[in-house]
Structure formats: structure tokens, C-alpha cells
Protein chains: 2
Amino acid sequence: MLGKLSAERHAMPASPADSRRTTELKPVPNTDAARRSAGRPAAPVLGQAGITAAALRLIGKNGYAGLTMAALARSLNVAPSALYNHVESKRDVLLLVEDHLAALVDVTAFAAEPWESAVRKWAWSYRDVFAEHTPLIPVIAVLPVTDAPQTLAMYETVSAGFRGAGFPEERIVSAIVALESFIFGSAYDVTAPADIFDSGSMAESTPSFTGAVRSLAAQGHEKPADVAFSMGLEALIAGFGTLRA
Amino acid sequence: MLGKLSAERHAMPASPADSRRTTELKPVPNTDAARRSAGRPAAPVLGQAGITAAALRLIGKNGYAGLTMAALARSLNVAPSALYNHVESKRDVLLLVEDHLAALVDVTAFAAEPWESAVRKWAWSYRDVFAEHTPLIPVIAVLPVTDAPQTLAMYETVSAGFRGAGFPEERIVSAIVALESFIFGSAYDVTAPADIFDSGSMAESTPSFTGAVRSLAAQGHEKPADVAFSMGLEALIAGFGTLRA
DNA sequence: ACCACTAAATGAATGCCATTCATTTATTAG
DNA sequence: CTAATAAATGAATGGCATTCATTTAGTGGT
């Protein structure tokens with residue numbers, strides 16, 4: 001009776017990469033309403049909150065490679081199949097984690113500071129949070145906000161900030177989407193190996209690029225990913241700033 | 001004797017998401033040098049080129065969910081294990097595909113047009129190519145360019161274009177990285193479902209955001225992803241343009 | 001005190017996946 | 001003819017998410 005949404009499930013094995021589908025989180029049965037109208041079992045030892053916390057603990061210890069349904073269940077002293085009473089799929093677990101992280105993004109500056117510095121703080125915070133969780137990015141990027149209340153709350157605060165700063169209403173969403181795209185892409189950069197631009201044996205055939213890479217390396221103490229992020233972010237802020245009334 | 005790099009391989013099952021490691025493509029043994037010094041078998045029916053072509057055919061038909069080593073082997077009338085004579089892992093296959101796609105990105109404008117329009121054309125082309133191949137993005141984003149000659153060639157052309165346009169050498173790489181980050185993030189947007197911003201039952205509690213979404217929808221015939229990409233790209237071009245000598 | 005109901009947990013099974021390995025096949029250079 | 005070698009094979013391994021029939025343990029209503 002649970003999981004009516006799970007039809008047409010295994011038409012394709014759904015590799016973690018192709019995360020696409022109009023999703024809806026399995027409705028949590030532990031509401032007060034359900035509590036009144038039906039028998040309640042032992043205690044909500046598990047539940048979506050417990051699963052989220054355990055998943056975060058697991059990710060923190062072993063990274064996303066260590067986040068398997070089996071490991072998750074083991075860390076909760078439960079059989080893997082038990083998880084499916086609270087969650088419809090592994091993707092649901094990732095969604096729960098994502099929404100938890102969205103709440104960690106700092107949007108407080110939109111209440112107190114001018115638009116430019118508010119956007120700046122928000123963007124850096126957003127990038128930093130998800131740089132540690134890049135495997136979630138393919139999931140977030142196509143995730144209907146309906147399924148992620150905390151994420152939606154972030155959007156509300158940010159768009160209110162844009163509106164209050166005199167942004168024309170029709171362009172608020174596009175501006176946020178553009179910033180987010182830049183942020184997600186930049187989150188990957190943070191995790192890239194330091195030698196990513198080492199052209200190796202092809203150095204002689206790529207003089208312009210090799211020179212530019214050397215020149216950047218010669219410059220710098222700052223982390224390359226931070227330099228690029230700062231440059232791009234300031235350009236976006238300056239460009240979008242001109243749209244305000 | 002081949003594949004000395006494959007030690008410490010399966011310490012972790014390496015989900016497609018955690019693609020991290022200093023990689024090197026398995027050296028192709030079918031070089032002229034190897035041809036001279038050793039016996040050569042039947043014909044290069046397979047080989048990295050054949051595998052790449054087959055992988056692209058498979059992806060075109062069934063998407064990345066359909067790209068399994070078994071399916072790839074079947075499409076080449078060969079046992080799955082045979083692939084491992086030409087490729088060290090599935091990740092290698094993805095690398096081959098990525099590098100093939102890099103050659104499809106249009107960089108011709110850097111030879112003939114002013115910097116602004118050259119960057120514009122390159123960025124749109126880059127986004128369009130990888131919007132159809134978003135599962136590759138986690139791989140590319142942390143991929144040492146040594147392993148991807150076509151990708152490296154693209155960087156060379158682009159950085160030469162920046163240099164020729166009067167860009168200060170130390171900032172060329174950062175500017176390209178920032179643009180690329182924006183492009184990768186935007187590629188995901190293209191694949192997002194149309195209703196991604198439908199706030200559903202929470203519409204009343206998110207008036208600012210819901211209003212902004214409605215206002216964008218009311219505006220537009222153009223695809224939302226294209227509007228956001230255009231806005232962000234023009235801001236980046238304008239901002240970076242001021243850095244030129 | 002009993003019953004009907006139901007959420008939660010179980011354990012076994014399924015089917016898919018990438019990857020390994022000992023062995024065989026086919027080709028060529030000397 | 002022989003030694004060397006790349007390529008292909010088929011069977012096996014271990015991991016994975018997910019399903020399902022079944023059991024367990026609470027609850028409100030009677």
C-alpha cells in the first residue's frame with residue numbers, strides 16, 4: 001500500500017548519473033494525523049530524520065563511495081530492506097541530505113546588508129557547502145523544489161532580497177539560476193587535483209595555454225579555484241547590478 | 001604487464017559519482033613502434049577508436065543508463081572482458097567519449113572574430129555539446145588535461161584567443177575556468193524538467209519566489225535555461241572584457 | 001480483554017553491474 | 001618452426017539497489 005509511486009521503476013537500472021524523473025519524497029507516515037488514526041509502533045528510531053543524520057555521518061567518514069543502503073542500514077542496526085519503509089529509493093536519501101545542506105547555506109546577509117555583499121556572502125557559502133558534496137550536484141540541478149522545503153526556503157529569502165534591491169521581477173529567477181549554475185560548476189573546481197592543468201608531454205604543442213598556466217602558478221598563493229570563483233562572481237554581481245531599478 | 005596503474009583499484013567500489021584519481025589512459029599498444037617490435041594479431045577491429053564510436057552509438061540510442069560494459073561489448077560482438085585489453089576501466093571509456101566531444105566544440109571564431117563574439121560562440125557551443133552529456137561533467141571537471149588531447153587542444157585555441165585579445169597572462173586560466181564552471185552548471189539546467197520551480201503546496205509561504213517564477217513564465221517564449229545562460233554569459237563577457245589591455 | 005489495523009522490521013532472493021583471471025586463439029618476426 | 005605477444009574467451013567474484021512474503025509489536029475501539 002505504501003509506495004504507489006514506485007511503479008515503472010526498474011525499466012532501467014538508473015545509474016546514479018542519469019538522475020532524472022519527477023520525484024516526490026515518500027510521504028512520512030509519522031505525522032500527528034496518522035498518529036491519531038492508526039496504531040503506532042515502537043518508537044521513531046529510524047524515520048527520515050534519523051536516516052538523514054546517519055547518512056551525513058557516513059558521508060563524513062567515508063565519502064559518498066561509502067554511502068550504500070547496506071552501510072546505512074548497518075549504521076542504524078537495521079536490515080537494508082527496513083530503510084524502504086521510510087524512503088522510496090537511494091535517490092530519496094540523497095534528496096534528504098541535499099535539503100539538509102541547503103539549510104546550512106548562509107542567507108542572513110539578505111536581511112541586513114546591501115545587495116552586492118549579500119549576494120557575495122550567499123554565493124561563497126553556497127559554493128563551500130556543496131564543494132564537499134559534489135556528488136549531489138547532478139541530483140540538485142534537476143530537482144523539483146517541491147521535494148525540498150529547505151531549498152525552497154533558501155530561494156524565497158534570496159528572491160526576496162533581489163526584489164527588495166530593485167530587481168525587475170521577471171529577471172529574478174534567471175539571475176538566480178545563472179548564479180547557481182556558476183556556483184555548482186565552481187564547486188567541482190574546488191575538488192579538482194592541483195595538477196589538473198599539467199599539459200605533460202604536450203607542453204610544446206600548446207605554448208599559449210602552458211604559458212598561461214605557468215604564469216598563474218608563478219603569481220599565486222591563493223588557491224586557483226578561489227581566484228577563478230572570485231573573478232566570475234564579481235563579474236556576475238557587477239553585470240546583474242546594472243539591472244536594478 | 002599492461003595496466004601497472006591498476007593496483008589499489010578496488011579498495012572502494014568507486015561509484016560513478018566520486019570520480020577522483022590521477023588517471024592515465026591505458027597506453028594503446030597498436031602504435032607503429034609496438035607494431036615493429038612485436039607480433040601483431042588479427043586486425044584492430046576493436047581498439048580505443050572503435051570503442052569510442054560504439055559507446056557514442058550506444059549513448060545516442062539509450063542514454064548513459066544504457067552504457068554498460070556488457071552492452072558495449074555486445075554491440076561490438078565481443079565478450080565484456082575483451083574490452084579490458086584496450087581500456088583499463090569504464091572511466092576510461094567515459095574519458096574517451098569526453099575527449100571526442102571536446103573536438104566538437106566550436107572554437108573557430110577565435111581565429112576570425114573579435115574576442116567578445118568568439119567567446120560567445122565558444123560558450124554556447126560548449127554548453128550545447130555537454131548538455132546532451134551531463135553525466136560526463138563530474139568526470140571532466142576533475143580530469144587532468146594530460147589524458148585528453150582534444151580537450152587540451154581546445155584550451156590552447158581559447159587561451160591563444162584571450163592572449164591575442166590583450167588579456168593579462170596571469171588571468172587567462174582563471175577566466176577560462178570561471179567561464180567553464182558557468183558552462184557546466186548551465187548544461188545541467190538545459191536538462192531540468194520544465195516544472196522544476198513549481199513550489200506546489202508551499203506556494204503561499206513563498207510569495208516572493210512564487211511571484212518571480214510566475215512572472216518569468218508570463219514573459220516568455222524563450223527557453224528559461226537559454227535566458228539564464230545568456231544573462232550570465234553576457235555579464236561574464238562584459239566583466240572580463242574590462243581586464244584587457 | 002480481545003480484535004482489527006497498521007507501521008516497521010526481517011531475511012531471502014533477484015538481477016544488474018564492473019572487474020579479474022587462467023586459459024585459448026591467432027598472428028607475426030626471426 | 002618457434003618464441004613472443006596482443007586479443008578474446010568464459011567462468012567466477014563481490015558489490016549493489018531493490019522486491020516481497022512474512023513476522024513483530026504496538027494502537028484504538030469494542
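Numbered from 1 within each chain, the chains take letters A, B, ... in sequence-line order.
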How many whole angstroms separate atom [atom1] of [X] from atom [atom2] of [N]?
| X | N | atom1 | atom2 | result |
| --- | --- | --- | --- | --- |
| B:Tyr64 | C:dC16 | OH | C1' | 21 Å |
| A:Leu83 | D:dT19 | CG | P | 13 Å |
| A:Met69 | C:dA9 | CE | P | 13 Å |
| B:Leu67 | C:dC16 | CG | C1' | 15 Å |
| A:Glu88 | D:dT18 | CD | C1' | 12 Å |
| B:Tyr84 | C:dC17 | OH | P | 12 Å |
| A:Asp92 | D:dA17 | CG | P | 14 Å |
| B:Gln48 | D:dA7 | CD | P | 10 Å |

**Request:** Establish whether the base of D:dA8 is bridged to the side chain of B:Asn85 by a donor-acceptor pair shorter than 3.5 Å.
**Result:** yes

[X] side-chain proximity, nearest of [options]:
| X | options | value |
| --- | --- | --- |
| A:Ser81 | C:dT20, D:dT19, C:dA8 | D:dT19 |
| B:Ala82 | C:dA8, D:dA17, D:dT9 | D:dT9 |
| B:Lys90 | C:dA9, D:dC16, C:dA18 | C:dA18 |
| A:Pro80 | C:dT10, C:dT19, D:dT18 | D:dT18 |
| A:Ala79 | C:dT10, C:dA18, D:dT9 | C:dT10 |

Donor-acceptor contact present, side-chain [X] to main-chain [Y], <3.5 Å:
| X | Y | value |
| --- | --- | --- |
| B:Asn62 | B:Leu67 | no |
| A:Thr151 | A:Val145 | no |
| A:Glu156 | B:Phe209 | yes |
| A:Thr68 | A:Ala71 | yes |

**Asked** Is any side-chain N or O of A:His86 closer than 4.0 Å to OP1 or OP2 of C:dA9?
**Response** yes

**Request:** Describe, in one word, how the ring planes of A:Phe182 and A:Phe229 are oriented to each other, choosing from parallel (under 30°), tilted (30 to 60°) and perpendicular (over 60°).
**Result:** parallel

